[in-house]
Amino acid sequence: MDTKESSITHHDYKPEVDHLSDTSPDGHIPTSMKQPSRVFTPQEESKLYRKIDLRIMPILALLYLLSFMDPGNIGNARLSNLEKDLHMNPKGNKYNIALTMYFVSYCLFEVPSNIMLKKLRPSIWLASITVLWGVVMTLMGVAQNFGGLVAARVALGIAEAGLFPGVTLYLTFWYPRHMCQTRIAIFFGAATLAGAFSGLLAYGISFMNGVGGYSAWRWIFILEGIATVLAGTLAFWAISDFPDTATFLTEEEREWVVWRKFQDSGKAGEAEGISAKYIKQAFMDPHVWLSVLYYFGVVTPLYGVALFAPTIINSFGKFSRPQVQLLTLPVYVAACIWVIVSSIWSDKKKSRFFIVYIDLLLCLVGFVINITPTPMGVKYFGLILAAMGAYGGLPAVVTFNANNLAGQVKRGVGMAIQIGIGNFGGIVASNVYLSRESPHYFTGHGVEIGFVCIGLITAPIYAMILKNKNKKKLEWQELQASLPPAERKVFTVQELHDLGDRAPDFMYTI
């Protein structure tokens, strides 16, 4: 069942308020929200959101591209003698430990980071953490031993923890629910390009081996770190905080964007202030914890591909290091195309579950191919399918959760729980591709299949629960409409804000 959204006309956008007590004198809208001075036509609205896209999406995509180059870069650094220079036994587990420690700090700091984004302006918080992780990345390039690498990875996880949940929350401040997945896909598409670009960059930087007395792998981290610091500095000015304060919009445009978001959240809008009760609601919501489980189904495969694609490709045959790095390009290009195409379709149909399930099936088929004795070309095709499903699935599962949480704080915390707890799948992925199992990697592929199956089970359960709740809400609305006005249930604006997505007029997106 899709959320019912009225078309944009001069007669729509006047919510019914049979159950709303805090209304303006004309009885149409809550006193906390004024009606826009004029109504935009569909064509004008499309043009307005394209204007917003061009203003806020490029800097977000750039930041995430730099963030997600890290998994690919450390994989390429491993091919460029990182383990040898830091005296790490290639047959041991020190490389896996270094990967794991990043995810521990990354996961633990997701929720606090989204709360900080609400306390501070997005431009300050997102730019600050970007500059911080750029500094850490640069220092990782001068690590002298295994302990130094691990310390840098822990600090990097703390700094990067706020970016993905912060940006996805930030986008929900600007766009109605059924425009969000395409926008998340645009900036997340940068992650897939990061995988391709990191391989290409590593290939180019390999020719810097010995420059300044540094190995090529050190230059990978140093150059990316410097670029990240520069991008973070730019972000202080490039990120616009909120629609109602956006100087690049006219007064009429600001009113319309704010109004559209208000309408999208129910007849009384949504709660915006920080309150402990909204944080508690997120932690106590079973929907959020179900979303963590189906998030596992795509994020664990995603990190498996991101961290080990060069290693897996290298196991297919006898390739040189440059060949392996170049063979990663088609994997990420195919994934990027699928991310954008599937997300546009999902927003157009106002449906999330169907795409989530397709992505999980792509992951399943891809890893099953790789765990079976098939020719090299078939295994490579399977890796491409797995990458398409994992990368395409991430914006789908995040939007599936975000679309069904109302109230900015509850949604921000709920998204951070999903992403933070779910990213422990990265810890799993970091430790299941064992060097001694090359070239088969039965444990790695088998564990990935197991997590995909968790998603294949929990995503339909989540969708069925939402469908049943939507049915009950519609039945309640029909019952209220059949009663005399004096007998209908009346809610205050504050009561509806406190109910959030449980409010009777908030319809879940499936």
Side-chain angles (χ1 to χ4, degrees), residues 63-78 82 86 88 93-117 125-143 145-169 188 190-191 194-195 198 217 220-222 224-225 227-229 231-232 292 295-296 299-300 302-308 394 398 412-413 415-433:
L63 297 185
Y64 202 62
L65 183 148
L66 292 168
S67 170
F68 217 84
M69 279 178 65
D70 172 59
N73 277 347
I74 195 166
N76 287 308
R78 188 186 194 187
L82 176 146
L86 298 185
M88 298 159 57
N93 63 349
K94 287 189 174 181
Y95 176 77
N96 302 88
I97 291 172
L99 297 182
T100 299
M101 296 311 297
Y102 165 84
F103 287 107
V104 171
S105 57
Y106 185 93
C107 296
L108 293 176
F109 280 84
E110 301 258 358
V111 172
S113 181
N114 261 14
I115 294 174
M116 287 301 298
L117 184 139
W125 183 246
L126 295 176
S128 297
I129 62 176
T130 301
V131 171
L132 179 60
W133 101 61
V135 172
V136 173
M137 180 68 70
T138 303
L139 294 176
M140 191 158 62
V142 297
N145 51 48
F146 171 67
L149 178 65
V150 169
R153 298 292 296 173
V154 171
L156 188 67
I158 295 172
E160 286 189 5
L163 187 70
F164 184 58
V167 169
T168 50
L169 175 62
F188 186 71
S198 65
W217 69 266
I220 292 174
F221 294 133
I222 291 170
E224 183 195 338
T228 302
V229 170
V292 170
Y295 185 83
F296 275 133
V299 77
T300 311
L302 185 147
Y303 279 115
V305 173
L307 293 169
F308 292 98
L394 199 75
V398 169
V413 174
M415 293 171 70
I417 291 171
Q418 181 196 37
I419 297 169
I421 303 299
N423 273 338
F424 276 103
I427 295 178
V428 175
S430 300
N431 291 280
V432 294
Y433 283 92

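The figures here come from the full heavy-atom set of this structure, side chains too, leaving out hydrogens, waters and symmetry mates. This is a predicted model, so every value here is computed, not measured.
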Participant: What is the distance from atom CZ of Arg78 to atom CG of Leu99, rounded to the nearest 0.5 Å?
Facilitator: 8.0 Å

Participant: Determine the minimum heavy-atom distance between Ala429 and Phe308, stating which atoms define it.
Facilitator: O-CE1, 3.1 Å

Participant: Can you list the residues that meet the side-chain contact (heavy atoms from CB on, under 4.5 Å) rule with Ala127, with sequence neighbours excluded?
Facilitator: Ala235, Phe236

Participant: Quick one: pull up OH in Tyr95 and OH in Tyr433 and give me the separation to the nearest 0.5 Å.
Facilitator: 13.0 Å

Participant: If you measure from CG on Leu108 to CZ on Phe103, what distance do you get to the nearest 0.5 Å?
Facilitator: 13.0 Å

Participant: If the condition is side-chain contact (heavy atoms from CB on, under 4.5 Å), which residues does Leu86 pass it with, not counting sequence neighbours?
Facilitator: Leu82, Met88, Leu149, Trp217, Arg218

Participant: Under the side-chain contact (heavy atoms from CB on, under 4.5 Å) rule, collect the residues that match up with Ser113, sequence neighbours excluded.
Facilitator: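 Per chain and number, Ser113 pairs via side-chain contact (heavy atoms from CB on, under 4.5 Å) with Trp125.
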
Participant: Using every non-hydrogen atom in the two residues, find where Tyr303 and Gly426 come nearest and quote the distance to one decimal.
Facilitator: CD1-CA, 3.8 Å

Participant: What pair of heavy atoms forms the shortest contact from Phe109 to Ala161, and how long is it?
Facilitator: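 In terms of heavy atoms, the two residues are closest at CB-CB, 3.8 Å.
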
Participant: Please round to the nearest 0.5 Å and tell me the distance separating atom OH of Tyr106 and atom CD1 of Ile427.
Facilitator: 12.0 Å

Participant: Distance-only check: which donor-acceptor pairs under 3.5 Å involve side-chain atoms of residues 128-141, not counting sequence neighbours?
Facilitator:
unit_1 : atom_1 : unit_2 : atom_2 : d
Ser128 : OG     : Ile124 : O      : 2.6
Thr130 : OG1    : Leu126 : O      : 2.7
Thr138 : OG1    : Gly134 : O      : 2.9

Participant: Please report the interatomic distance CG(Leu156) to OH(Tyr102), rounded to the nearest 0.5 Å.
Facilitator: 5.5 Å

Participant: Going by side chain to side chain donor-acceptor pair (under 3.5 Å), name the pairs with one or both residues in residues 419-432, residues two or more places apart or in two chains.
Facilitator: Thr100-Asn431, Glu110-Asn423, Tyr295-Asn423

Participant: Once side-chain contact (heavy atoms from CB on, under 4.5 Å) is applied, do any residues pair with Ala231, and if so which ones, sequence neighbours excluded?
Facilitator: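 Per chain and number, Ala231 pairs via side-chain contact (heavy atoms from CB on, under 4.5 Å) with Leu62, Leu63, Leu66.
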
